[in-house]
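Each remark here refers to the structure printed beneath this line.
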There are 2 protein chains.
Amino acid sequence: MLVGDRIRLSDVARAAGVSLATASKALNGSGRMTAETRERVRQAAEAMGFRPNAMARALSSQRSFTVGLLTNDGYGRFSMPVMAGVAEALVDQGVSVFMCGIEDDAALGRLHVEAMLDKQVDGIICSGKRIDRRLPVDLSDLPVPVVYVFTDAPEGAVSLVSDDAQGAREAAEWLAGLGRRRLAHVTGPASFASARERARVFREVTGPDSTVLHGAWSEAWGHEAVARLWDGSAPPPDGLFCGNDQIARGAVDALRERGVAVPGDVSVVGFDNWEIVAAATRPPLTSIDMNLKDLGREAGRLMLALSEGRAVEPGVRRQPCRLVVRQSCGGGSAR
Amino acid sequence: MLVGDRIRLSDVARAAGVSLATASKALNGSGRMTAETRERVRQAAEAMGFRPNAMARALSSQRSFTVGLLTNDGYGRFSMPVMAGVAEALVDQGVSVFMCGIEDDAALGRLHVEAMLDKQVDGIICSGKRIDRRLPVDLSDLPVPVVYVFTDAPEGAVSLVSDDAQGAREAAEWLAGLGRRRLAHVTGPASFASARERARVFREVTGPDSTVLHGAWSEAWGHEAVARLWDGSAPPPDGLFCGNDQIARGAVDALRERGVAVPGDVSVVGFDNWEIVAAATRPPLTSIDMNLKDLGREAGRLMLALSEGRAVEPGVRRQPCRLVVRQSCGGGSAR
DNA sequence: ATGAAAGCGCTAACAT
DNA sequence: ATGTTAGCGCTTTCAT
């Protein structure tokens, strides 16, 4: 990486013996010319280590090859994988990602959106941490396309979420497939659309009377739920599908404390596949992964299409989850 | 946020009855003119909702008002707070942050650095997840300034890390101040400079013979260490300083399992103050916070200085940690 | 104190 | 098939 004056397009053009315009077209694959000429220019650019000045290019082409990624997820639990996916999808096209954390601060959100617009981003990807809440920014009527990921989106927007129903079905069927018959679902507050949807599907698989317990998204709730299930008069479950890995962790800890064997007596499936929690649980948790990086990658692709003016069907796209098998269920290896 | 043609500087100039040049200078606080003129232009710009085109500005001024943030921290545990701090320090100056995750992929790193350079970033902040390892990219000889955060940096670079020594001292003295006399330190591998440094200071405070146990940065190691300490012939500790919150969590769990009361019989301090772990531990962990956001904020300030051509003393700057009191130590409230 | 004019490096009509 | 030229919107000498 050397300092020194950068090579300009005019240098390349001169070296290749063509005009500025031809050089531009040759390198951008636009215009019309002999393959030979195009190649000669390419070679010259390559040889001279030409890197186009993105600012100049943006100024004249009205495309900055930059997209903004807005997130309210302060810990990056959801947005980091999404960002990695977005970047992966776009890096080949020379597009980079402006990431801005705004927490739930509307003023900060406005500030960052304006900054993005000033920087002429080609589009904004808005990513959240739950699918039924919005970020505190109004992204309608923007002069650039917007893609929503893992957040609630306005009518008619392009949006991407993980498929809660399919994920819940994977989990429930995995437990059933292991021969577990008395299944219970311990999950987060019913105020979360994801919790309701997963519960709905869980019941669809396990029967309308099966047990669903709503509580907090916490280890403490996992604990408490186990107490309720095991201290009641009904026979306790032999399979537990938990709404997230923290609940699952709390449940597994509680079971160990009361001498119930996991996976011997009970199989437990978590949700999120949060490595740091799932792997540290004893035994490590089998869990549903939302494939957030794939979500990001797809968001990147859609953004690319939009910013090139290609049409994209609006609406909510659901991307599949996958089951990650560890040891909390016993039984088979990966499906 | 309305669509429609953006107001250009020329529009503002016309409205204020001055030339383009004067308008530019008025808004940038440069040049010489009556305060009255400057104000008139400001008002006009304000009234018309003028937002300068960042690309055009960058093209002519050679400053993009953009900095790149490179990180190899895939989970964002360290880099998200750092990014938030950086952004906070820069947002007022109209500077935004390009964030790129590169994991430990040298090729990806090169790619992103080149992309940043093409985009004419004013500087690059390179942030890692341990202070004695580098990212797989060579950032020397770049045509822009570089600031290193929470990562090893080349000789003569500007670099920022949290103060392990001071953090460890806080922890040890807090335990001592609580009247704990038999202290032990359970931490990560001695191959980590941070682990060695904290252990050194721990011994400095507690005496050269006090117990230091190196192992993995995991809950499992916390468990095992407790087994070693409590199953030995020596009287067990009454105060435990753990190298991170996961170790502390493992230790606390192990202690509960063997009926040792925390904080009744033993006080435990963690490190990192990773909310998700510290708060879920029973009892919640008192822990050392590395103030990563402050680290980021300071990195932002330094970058600003550098990119404005102000001189910055090279070398490693250590930023203080702070003790966050929860319930795993008993005793007082916040210091 | 203010303004005219020359770029910054590139793209995209429009000519040839 | 290739080249000429006029911008993109702003900053910045250099005149006045």
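On a predicted model such as this, the values are computed, not experimentally measured, just so you know. First the proteins, then the strands, lettered A, B, ... as listed; each starts at 1. What's counted below: heavy atoms across the whole structure, side chains too, no hydrogens, waters or symmetry copies.
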Please state how far atom [atom1] in [X] lies from atom [atom2] in [N], giving the value in whole angstrom units.
X: B/R8; N: D/dG7; atom1: CZ; atom2: C1'; value: 12 Å
X: B/R32; N: D/dT16; atom1: CZ; atom2: P; value: 18 Å
X: A/Q120; N: D/dC10; atom1: CD; atom2: C1'; value: 12 Å
X: A/L59; N: D/dC10; atom1: CG; atom2: C1'; value: 8 Å
X: B/L9; N: D/dT11; atom1: CG; atom2: P; value: 6 Å

With a 3.5 Å cut-off and no angle check, do the side chains of [X] and [Y] form a donor-acceptor pair?
X: B/N53; Y: A/Q120; value: yes
X: B/D138; Y: B/S140; value: yes
X: B/S307; Y: B/D122; value: no

- Query: Can you tell which of A/V312, A/V149, A/I125 makes a side chain to side chain contact (heavy atoms under 4.5 Å, CB included) with A/L302?
  - Reply: A/V312
- Task: Return the angle between end axes of the helix from C/dA1-D/dT16 to C/dT16-D/dA1, with five pairs used per end and rounding to 10°.
- Result: 40°
- Item | Test applied, salt bridge (Lys or Arg N to Asp or Glu O under 4.0 Å); reference residue, A/D152; option that passes from A/R133, A/R134, A/R130 | A/R134
- Query: For D/dC10, does OP1 or OP2 lie under 4.0 Å from any side-chain N or O of B/S61?
  - Reply: no
- Contacts to DNA chain C from residues 20-31 of chain B, heavy-atom cutoff under 4.0 Å, which residues?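 Here the set is B/A21, B/T22, B/K25.
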- Message: Within residues 39-56 of chain A, which residues have any heavy atom lying less than 4.0 Å from an atom of DNA chain C?
- Response: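 Listed by number, they are A/F50, A/P52, A/N53, A/A56.
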- Task: Report the distance from atom CZ of B/R38 to atom NZ of B/K25, rounding to the nearest 0.5 Å.
- Result: 10.0 Å
- Task: With rounding to the nearest 0.5 Å, note down the distance linking CG in A/N72 to NZ in A/K129.
- Result: 5.0 Å
Nearest atoms (heavy-atom pairs only) where [X] meets [Y]:
X: B/C126; Y: B/L135; answer: SG-CD2, 3.8 Å
X: B/L306; Y: B/V146; answer: CD1-O, 4.4 Å
X: A/D118; Y: B/R6; answer: OD1-NH2, 3.0 Å

- Query: Between which nucleotides of DNA chain C, read 5' to 3', does contact with chain B run, using atoms under 4.0 Å from its heavy atoms?
  - Reply: C/dA1 to C/dG9
- Query: A/R57 near the nucleic acid: base, sugar-phosphate alone, or nothing, with a heavy-atom cut-off under 4.0 Å?
  - Reply: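 Sugar-phosphate contact only.
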Show which side-chain atoms of residues 82-102 of chain B pair as donor or acceptor with protein atoms under 3.5 Å away, not counting sequence neighbours.
from: B/E88; atom 1: OE1; to: B/K293; atom 2: NZ; distance (Å): 3.0
from: B/E88; atom 1: OE2; to: B/R297; atom 2: NE; distance (Å): 3.0
from: B/E88; atom 1: OE2; to: B/R297; atom 2: NH2; distance (Å): 3.1
from: B/S96; atom 1: OG; to: A/K119; atom 2: NZ; distance (Å): 2.6

- Under the side-chain contact (heavy atoms from CB on, under 4.5 Å) test, residues paired with A/V18 that sit two or more places apart: A/A13, A/A16, A/T22, A/A23, A/T37, A/R40, A/V41
- Task: Start with the C-alpha gap between B/S30 and B/N28, add the side-chain angles, then the distance that decides, and say whether side chain to side chain donor-acceptor pair (under 3.5 Å) holds.
- Result: CA-CA 5 Å; B/S30 57; B/N28 290 315; 5.0 Å; no
